Amino acid sequence: MTGKGERVRVVGWVNSIRSVGGIVFLEVIDGYRMQLYTVVAKRSENPEAWRAASDVKTGSAVVVEGVVPSKTISRRGLEVHPTRLEVVSEPEEVLPLDPSEKTPALLDTIIEHRYVALRTLKQRAIFRIRALAVKAARDYLESQGFVEVHTPKICGAGAEGGATLFQLDYFGRRAFLAQSPQLYKQMLMCGLSRVYEITPYFRAEKFNTVRHLNESWGIDAEMAFISGVEEVMKLLEGLISHVFEAVKSKAEPELRALGVKLQKPRRPFKRLTYDEAIEVLRSRGLEVEWGQDFGSDEERALGEAMAEEGYDAYFIVDYPWSAKPFYIMRRGELSESFDLDYRGLELASGGQREHRYRELVENIRLKGLNPEDFAFYLKAFRYGMPPHGGFGLGLDRLVMVLVNARNIREVVLFPRDTQRLTP
RNA sequence: GCCCCGGUCGUAUAGCCUGGUCUAGUAUGCCGGCCUGUCGAGCCGGAGAACCCGGGUUCAAAUCCCGGCCGGGGCGCCA
């Protein structure tokens, strides 16, 4: 983007300063790109710029105008010889972490000062990849005819089962923060047959793990007029593959900064039935009871077993209906559902939904819930609801996989967990 | 909710087990100086922490004990 000998204007922050006799070297990171500059100010070349560079403090926001020399000596960053150097803002105090990364920062320190941490290529790479993944997901779903929708996050109805909800006061009435767009995206299937939503999920569980947050983001899709759950899995597989491809081809500098060699998961993704999964686990010495969802030991062991077969990404299908929510279609003791796991980490779950009114009401009763609480939802199933299915994909977890993070907090700018409410 | 670790200059850590010699060490960052190609620059000098909070044991606590708060990890729950 910048040729040698060209005039350039650089905006960014000074990450380190070294002065050698009559030369000052400023390492500047660009405002938003994956680009480092070495600003070389020589007293003999431009005394004014040299003097200005000599006065710069680490962490300052600067605007530099200069020239890229035809021959550069710097081993790091694009070399720029300044003709003008303006400090537009100076730090009031020493930076809370070292942007040159010579002194490491703990995750907690990074989270507390994420905006400063973003002045390192690694931090910046994570969030650029996150943005790219979202864009790629949108592109793919749009290409498949899906329409982006936005459903309410403040809801009057209680739990759809599973996680605990955050309760709030809505002009004197009890309301909840949405744990997922599940019910609403299904209702839409009665009038718009392909929708997706990129949305926060709120869960009031007091979990304390590296893969859960109380506010997380998901990519939800729902499609109608399907002939079976396989269609939904194909869509999700295509989506995941497209995101991997986009990140691999468009985020080379980011992946390099992170030291990540991204491998597109082998296709087609493995379809492993729940019964087969049980067999695999038992053969590995784990005791599992039929009908239960898998715990983290089981997930990890399955991930290892699948990796040995050459699969990073795999679907677990034909779950017992007892382990699934009421809206999933039943098939005897089993269900028309799937989980998508990547190396032992659950990325998504989905399935074909029960679209038949009577069966759906019965399912709600079987789960010990009250159909009256779901009246607003059930109504949509009385006016020609077609067969449909969809999935919820954990965006944060997907980004974890893309950037090879071990803690979900690494890929969320300002994570919300049981302790963190600020910043 | 449970279990295991941890909390010491801005940052990252040593010290803690085997209390005193810790007026708390080191690195990096910071301040001042030298050096015209540094790039984890180098060299010289300097400032910077009464050791998370509260209580206890002791002649004496960063160090031992109890409680709390916070952080990291694991489990449960959950996506």
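Proteins come first, then strands; the chains are lettered A, B, ... in the order of their sequence lines, and each starts at number 1. Just so you know, these numbers come straight off a predicted model, no measurement behind them. These values consider heavy atoms only, across backbone and side chains, with no hydrogens, waters or symmetry-generated copies.
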* Structure fact -> Rounded to the nearest 0.5 angstrom, the CG-NE2 distance for A/L95 and A/H113 is 10.0 Å
* Donor-acceptor pair present, A/S74 side chain and B/U38 base, under 3.5 Å -> yes
* Asked: Do A/K185 and A/T151 meet the criterion of a side-chain donor-acceptor pair at a distance under 3.5 Å?
  -> no
* Asked: Of the candidate nucleotides B/G72, B/C75, B/U28, which contains the atom at the shortest distance from the side chain of A/N407?
  -> B/G72
* **Opposite nucleotide pairing with B/C75, Watson-Crick or G-U, both atom distances under 3.5 Å** => B/G1
* To do: Would you classify B/A27 as syn or anti? Syn applies when the glycosidic angle is within 90° of 0.
  => anti
* Using the C1' atoms only, state how far B/C2 lies from B/C59, rounded to an integer number of Å. => 41 Å
* Asked: Given the C1' atoms of B/G40 and B/A47, what is the spacing between them in whole Å?
  -> 24 Å
* To do: Name the pairing partner of B/U13, where a pair is Watson-Crick or G-U wobble with both distances under 3.5 Å, or state none.
  => B/G25
* Asked: For A/N208 and B/C5, what is the distance between atoms CG and P respectively, to the nearest whole Å?
  -> 16 Å
* Asked: Of the nucleotides B/U28, B/C31, B/A12, which one has an atom closest to the side chain of A/K102?
  -> B/U28
* How are the rings of A/F269 and A/F315 set relative to one another: parallel (under 30°), tilted (30 to 60°) or perpendicular (over 60°)? -> tilted
* To do: May I ask you to say what A/E101 touches in the nucleic acid, namely base, sugar-phosphate or nothing, with a heavy-atom cut-off under 4.0 Å?
  => nothing
* A/F207, nearest nucleotide to its side chain (from B/C39, B/U28, B/G76) -> B/G76
* Structure fact -> note: A/K206, atom NZ; B/C75, atom P; distance rounded to Å ~ 20 Å
* **Donor on one side chain, acceptor on other, A/Q179 and A/Y201, under 3.5 Å** => no
* Separation of atom CD in A/E92 from atom C1' in B/G10, rounded to whole Å -> 15 Å
* A/Y274 vs A/Y319 aromatic rings, parallel, tilted or perpendicular, using cut-offs 30° and 60°? -> tilted
* Would you indicate which nucleotide in B/U28, B/G71, B/G37 comes nearest to any side-chain atom of A/T103? => B/U28
* So, is A/R18 near the phosphate of B/A41, with a side-chain N or O under 4.0 Å from OP1 or OP2? -> yes
* Euclidean distance for C1', B/G19 against B/A60 (whole angstrom) -> 8 Å
* To do: Could you walk me through whether A/R267 and A/E245 pass the salt bridge (Lys or Arg N to Asp or Glu O under 4.0 Å) test, one step at a time?
  => CA-CA 13 Å; A/R267 292 183 78 175; A/E245 181 58 48; over 6 Å; no
* Structure fact -> Atom CG of A/D108 and atom P of B/G73 are separated, to the nearest Å, by 10 Å
* Structure fact -> Of the listed B/G37, B/U13, B/G76, the closest approach to the A/V40 side chain comes from B/G37
* Asked: Does A/R353 make a cation-pi contact with A/Y327, if we ask for NZ or CZ under 6.0 Å from the ring centre and within 45° of the axis?
  -> no
* With sugar-phosphate meaning primed atoms plus P, OP1 and OP2, does A/L393 contact a base, only sugar-phosphate, or nothing at under 4.0 Å between heavy atoms? -> nothing
* Is A/I111 touching bases, backbone alone, or none of the nucleic acid, heavy atoms closer than 4.0 Å? -> nothing
* Structure fact -> Considering only heavy side-chain atoms of A/R211, the closest of B/C70, B/G37, B/C75 is B/C75
* Name the nucleic acid region contacted by A/S16, choosing base, sugar-phosphate or nothing; use a 4.0 angstrom heavy-atom cut-off, strictly under. => nothing
* **Presence of donor-acceptor pair under 3.5 Å, side chain of A/T58 and base of B/C30** => no
* Looking across every strand, which nucleic acid part, if any, lies under 4.0 Å from A/H81 by heavy atom: base, sugar-phosphate, or nothing? -> base
* Could you give the CD1-to-P distance, from A/I408 to B/G72, as a whole number of Å? -> 13 Å
* Quiz item: A/E79 side-chain donor-acceptor pair to B/G37 base, under 3.5 Å -> yes
* To do: Using distance alone, with no hydrogens and no angle criterion, decide if A/T38 and A/E79 have a side-chain donor and acceptor under 3.5 Å apart.
  => no
* Is A/V24 touching bases, backbone alone, or none of the nucleic acid, heavy atoms closer than 4.0 Å? -> nothing
* Look at all strands and tell whether A/L97 reaches a base, only sugar-phosphate, or nothing, counting heavy atoms closer than 4.0 Å. => nothing
* Structure fact -> Answer for the Watson-Crick or wobble partner of B/C30, both distances under 3.5 Å, is B/G46
* **Separation of the P atoms in B/C22 and B/C17, to the nearest angstrom** => 15 Å
* Has the side chain of A/K42 got a donor or acceptor atom sitting under 3.5 Å from an opposite partner on the base of B/G37? -> yes
* To do: Measure from the side chain of A/S44, starting at C-beta and using heavy atoms only, and say which of B/U36, B/A12, B/G40 lies closest.
  => B/U36
* Report yes if at least one side-chain N or O of A/S296 is closer than 4.0 Å to OP1 or OP2 of B/G74; otherwise report no. => no
* Integer-rounded Å distance: B/C75 C1' and A/E299 CD -> 13 Å
* Structure fact -> Picking from B/A12, B/G72, B/C35, the nucleotide nearest the side-chain atoms of A/R420 would be B/G72
* Asked: In the strands shown, is B/G6 matched to any nucleotide by a Watson-Crick or G-U wobble pair with both distances under 3.5 Å, and which?
  -> B/C70
* Asked: Which one, B/C30, B/G74, B/A12, comes nearest to the side chain of A/V94?
  -> B/C30
* Asked: Quick one: A/L107 CG to B/U11 P, roughly how many Å, whole number?
  -> 15 Å
* Could you check which of B/C39, B/C35, B/G10 has an atom nearest any side-chain atom of A/S19? => B/C35
* Asked: Any sub-3.5 Å donor-acceptor pair from A/D318's side-chain atoms to A/L334's backbone N or O?
  -> no
* Base, sugar-phosphate, or nothing: which does A/L347 touch, judged by heavy atoms less than 4.0 Å apart? -> nothing
* Structure fact -> Atom CG of A/L106 and atom P of B/C70 are separated, to the nearest Å, by 18 Å
